[in-house]
Amino acid sequence: MSEPAAAPEPGADAAPDPPAGASPASELSAAGPGWTRAFWLGLGIVVLIHLVPRVVLGRDSYVTLHDNLDIELVLRALVAQPGRIFSPEAPIPELLGGLPRTSYPTGANLSTLVFLVFSPFVAYVVMELLVRIAAFVGMSLLLRDHVALGSSALPRTLVAMAFAFLPFYSLYGLSIAGQPLVAWALIELWKGRSRPAAFAILALFPFASVFPTAGVFMLAGAGLLYGGALLVQRRWVPLPAAGLAVLVLGYLISDWHLIYAQISHEGFVSHRSAWRQAGSPQLYDFGSALRHSWANFYWGSYHAASLHRPIAVAAGLVTAWWLLHLKTAKRPSLLWLLPVAACASLSIGFNNWGGMVSLWELIPLLKGVNIRFSWLQPLIWFSLLGGVVLYAETVIKQRWLAVGLAAVQMLWCLAEVGGWAGLQPERSVNYARLAGSTKSDITELLTYREFFSTDLFDEIEAAIGAEPGSYRVANVGFHPSIAAFNGLNSVGGYHQNYPLSRKEAFLEVMGGELRKSKKLNDYVVHWGNRLYLTPSEGLRWGLNTRPPQDRRVVKDFDLDLLALKALGADYLLSAYEIQDRDLLAKLELLGTFSGHGSPYTIDVYRIRP
């Protein structure tokens with residue numbers, strides 16, 4: 001799929017072609033002593049750097065909260081409870097008043113199965129290590145055998161380490177980190193090599209990745225690239241098509257619950273069907289769509305961080321050298337990946353362009369889909385870096401330049417700089433904690449233990465006194481997933497797919513607050529993945545940082561408690577101090593709970609009949 005690389009210089013420690021049918025592990029071992037030393041040293045460093053803070057800090061380490069602890073970990077922990085994981089009929093009552101099993105992650109996935117074997121925190125650490133290992137191994141194979149074939153072991157290993165240091169969302173499994181493995185397998189099939197290993201990778205990948213997020217775009221991207229390669233080569237190459245078919249079949253099996261939901265009595269009209277546009281409460285004009293596209297191209301994506309600015313600079317340097325030597329030097333082979341990365345960014349910016357409204361009306365299904373080819377950006381940018389490193393070493397013939405460019409990117413990713421401002425990378429925060437940092441942006445972040453505050457909620461559950469499954473709670477000022485994780489059934493929650501009727505009922509509860517704030521109204525009405533009891537006066541109060549010692553006060557909170565009771569709520573748990581007299585008149589305070597090392601102070605009210 002890429003142009004043949006230049007032959008290595010005499011004496012370079014390039015890897016020989018692996019024997020046909022060899023497994024990835026045996027292929028790595030076949031790469032020669034230089035490769036083996038660099039590979040195992042790099043892998044050991046990657047594992048050690050991520051394992052040390054988890055072992056030393058344990059549950060007092062920081063784990064990404066946004067779109068991670070507040071949803072992904074809790075969903076998998078709930079699914080892993082007895083009798084649920086492989087039962088399509090098992091209802092799960094803890095979030096949004098109870099949802100069918102088909103709304104939750106599939107049980108036929110690595111990121112769910114580890115929660116069957118380990119406690120939630122340990123399961124998360126296991127996934128973190130597996131994701132890093134797969135990222136390093138996959139990128140090492142892709143660079144060695146295809147993208148940077150002919151370069152020496154050291155720069156290749158540095159590039160693979162840089163890729164493994166990216167701030168992946170570990171519970172997405174191999175959705176991003178495993179893409180180099182898929183690329184390696186498909187290119188091997190294109191070249192007619194390593195068929196058993198390639199098909200094995202493609203068969204297993206769907207069971208270690210998430211289809212609705214990254215999987216569908218990876219399939220689409222691979223299909224487009226394959227089609228383009230066929231047009232260029234003007235010959236039929238069937239094996240990659242068979243590989244893509246294996247991927248599709250794997251996703252059909254692994255995500256069977258999505259298919260089941262469509263054919264069973266548990267199918268429902270999703271709240272996504274009521275989105276004003278795909279995945280966001282905002283609509284962009286053409287200029288704003290371009291600006292958001294450029295921001296994505298410059299910064300990368302939040303959930304698929306690529307931290308690629310040094311790569312862009314390196315590509316610019318190599319391109320400049322080529323232009324200066326245009327008559328004697330060959331063109332860098334992978335520069336075509338730059339416009340591909342730009343197109344991926346355009347898919348983000350124009351996903352919410354107002355001009356798409358007519359298309360959504362024509363094809364309503366598209367309104368419930370986030371078109372995010374940005375999930376492919378880490379693979380695109382790091383493949384480009386591999387090509388740049390190869391060019392620096394074999395064409396410019398400056399090995400020090402290849403090593404330097406790779407090392408800069410590795411250090412950049414290790415330091416986790418250059419991403420979105422709101423991104424708080426786990427590794428950097430935890431090493432700052434180990435170093436005793438007293439900076440507010442470190443100390444204000446909640447640890448895993450603090451976020452879930454299990455001991456505090458055990459006390460709250462004991463104070464309520466009833467069987468946990470016999471009542472439901474509503475939450476104010478903290479994530480409903482915290483209550484759900486601690487065994488309390490909540491009427492609110494954060495979910496990617498739930499019945500539209502549930503959202504409509506919740507809008508009745510929040511109607512008074514939504515009328516006070518257009519921003520809050522757009523957020524809930526036109527998006528609504530999070531159904532939280534949010535006071536309009538507290539829109540700027542974040543839930544992912546340590547609450548202030550002086551509790552936040554809500555003076556005017558217009559909730560329809562009759563509608564809340566109709567949702568099944570019996571108790572209201574508030575981390576904010578409610579001073580709205582009309583609301584308090586309809587509530588009975590059972591007690592105020594704090595301590596146990598928790599950052600929260602929570603008032604527990606019984607909702608009067």
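In this chain, numbering begins with 1 at the start of the sequence shown.
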Mind checking the CH2-CG spacing from W412 to L307? Nearest 0.5 Å is all I need.
-> 8.5 Å
Knowing that exactly one of W375, F217, Y251 qualifies, which makes a ring pair (Phe, Tyr, Trp, His ring centres under 6.0 Å) with F211?
-> Y251
Decide yes or no on side-chain contact (heavy atoms from CB on, under 4.5 Å) for R427 and I49, but give the supporting numbers first.
-> CA-CA 8 Å; R427 185 175 62 246; I49 282 178; 3.4 Å; yes
State, yes or no, whether a side-chain contact exists between V131 and M127 at a heavy-atom distance under 4.5 Å.
-> yes
Salt bridge R433-D60, side-chain N to carboxylate O under 4.0 Å | no
Does Y104 have any ring pair (Phe, Tyr, Trp, His ring centres under 6.0 Å) partners at least two apart in sequence or in another chain, and if so, which?
-> H495
So does R472 pair up with E94, basic N to acidic O under 4.0 Å?
-> no
Side-chain touch N529/Y494, heavy atoms, less than 4.5 angstrom | yes
Indicate yes or no for a side-chain donor-acceptor contact from Q409 to the backbone of F382 under 3.5 Å, with no hydrogens or angles considered.
-> no
Decide yes or no on side-chain hydrogen bond (donor to acceptor under 3.5 Å, both in side chains) for N475 and S490, but give the supporting numbers first.
-> CA-CA 7 Å; N475 316 276; S490 176; 2.6 Å; yes
Throw together a table of side-chain donor-acceptor distances under 3.5 angstrom for residues 113-121, partners on residues two or more places apart or in other chains.
{"unit_1": "S119", "atom_1": "OG", "unit_2": "R59", "atom_2": "NH2", "d": "3.2"}

Please check if atom NZ in K516 has more than 12 non-hydrogen atoms from other residues, nucleotides or ligands closer than 6.0 Å.
-> yes
Does R272 count as lying over the ring of W527, i.e. NZ or CZ under 6.0 Å from the six-ring centre, within 45 degrees of the axis?
-> no
With W541 as partner, the option from F478, Y532, Y576 fulfilling ring pair (Phe, Tyr, Trp, His ring centres under 6.0 Å) is Y576
Evaluation steps, side-chain contact (heavy atoms from CB on, under 4.5 Å), between L57 and N430 = CA-CA 8 Å; L57 297 174; N430 284 324; 3.9 Å; yes
Any donor-acceptor N/O pair, K503 side chain to V524 backbone, under 3.5 Å | yes
Verify, without hydrogens or angle tests, whether S87 (side chain) and R84 (backbone) share a donor-acceptor contact under 3.5 angstrom.
-> no
If the plane angle is over 60° it's perpendicular, under 30° parallel, otherwise tilted; pick one for F452 and Y448.
-> perpendicular
If we only count heavy atoms from C-beta on, is the E577 to V554 side-chain gap below 4.5 Å?
-> no
Pairwise side-chain contact, F457 with S598, heavy-atom cut-off 4.5 Å (strictly under) = no
I would like to know whether E537 and F557 meet side-chain contact (heavy atoms from CB on, under 4.5 Å); could you show each step before the answer?
-> CA-CA 8 Å; E537 62 187 275; F557 201 10; 5.8 Å; no
What heavy-atom pair brings Q377 and S301 nearest, and what distance separates the two atoms?
-> OE1-OG, 3.1 Å
Test item: S209 side-chain N/O and G173 main-chain N/O as donor-acceptor pair under 3.5 Å = no
With a distance cut-off below 6.0 Å to the six-membered ring centre and an angular limit of 45° from the axis, does R606 pair with Y571 as a cation-pi contact?
-> no
Before giving the answer on side-chain hydrogen bond (donor to acceptor under 3.5 Å, both in side chains), spell out for T592 and D603 the whole-Å C-alpha distance, their side-chain angles and the decisive distance to 0.1 Å.
-> CA-CA 4 Å; T592 299; D603 296 325; 2.6 Å; yes
Is the backbone N or O of A164 less than 3.5 Å from a side-chain atom of R132, with the two atoms forming a donor-acceptor pair by type?
-> yes
Is the shortest heavy-atom distance from the side chain of L514 to the side chain of V525 under 4.5 Å?
-> yes
What do you reckon, is CZ of R608 surrounded by more than 12 foreign heavy atoms closer than 6.0 Å?
-> yes
Residues R54, E128: salt bridge by 4.0 Å N-O rule = yes
Classify the side-chain pair N68/Y124 by whether it contains a donor and acceptor separated by less than 3.5 Å.
-> yes
Backbone N/O of A466 and side chain of S470: donor-acceptor pair under 3.5 Å | no
Taking every heavy atom of G493 against every heavy atom of L96, the minimum-distance pair comes out as N-CD2, 3.7 Å
Is there a side-chain hydrogen bond (donor to acceptor under 3.5 Å, both in side chains) between S428 and E416 once you walk through the steps?
-> CA-CA 7 Å; S428 298; E416 296 179 305; 2.6 Å; yes
Could you walk me through whether D70 and V74 pass the side-chain contact (heavy atoms from CB on, under 4.5 Å) check?
-> CA-CA 7 Å; D70 60 357; V74 173; over 6 Å; no
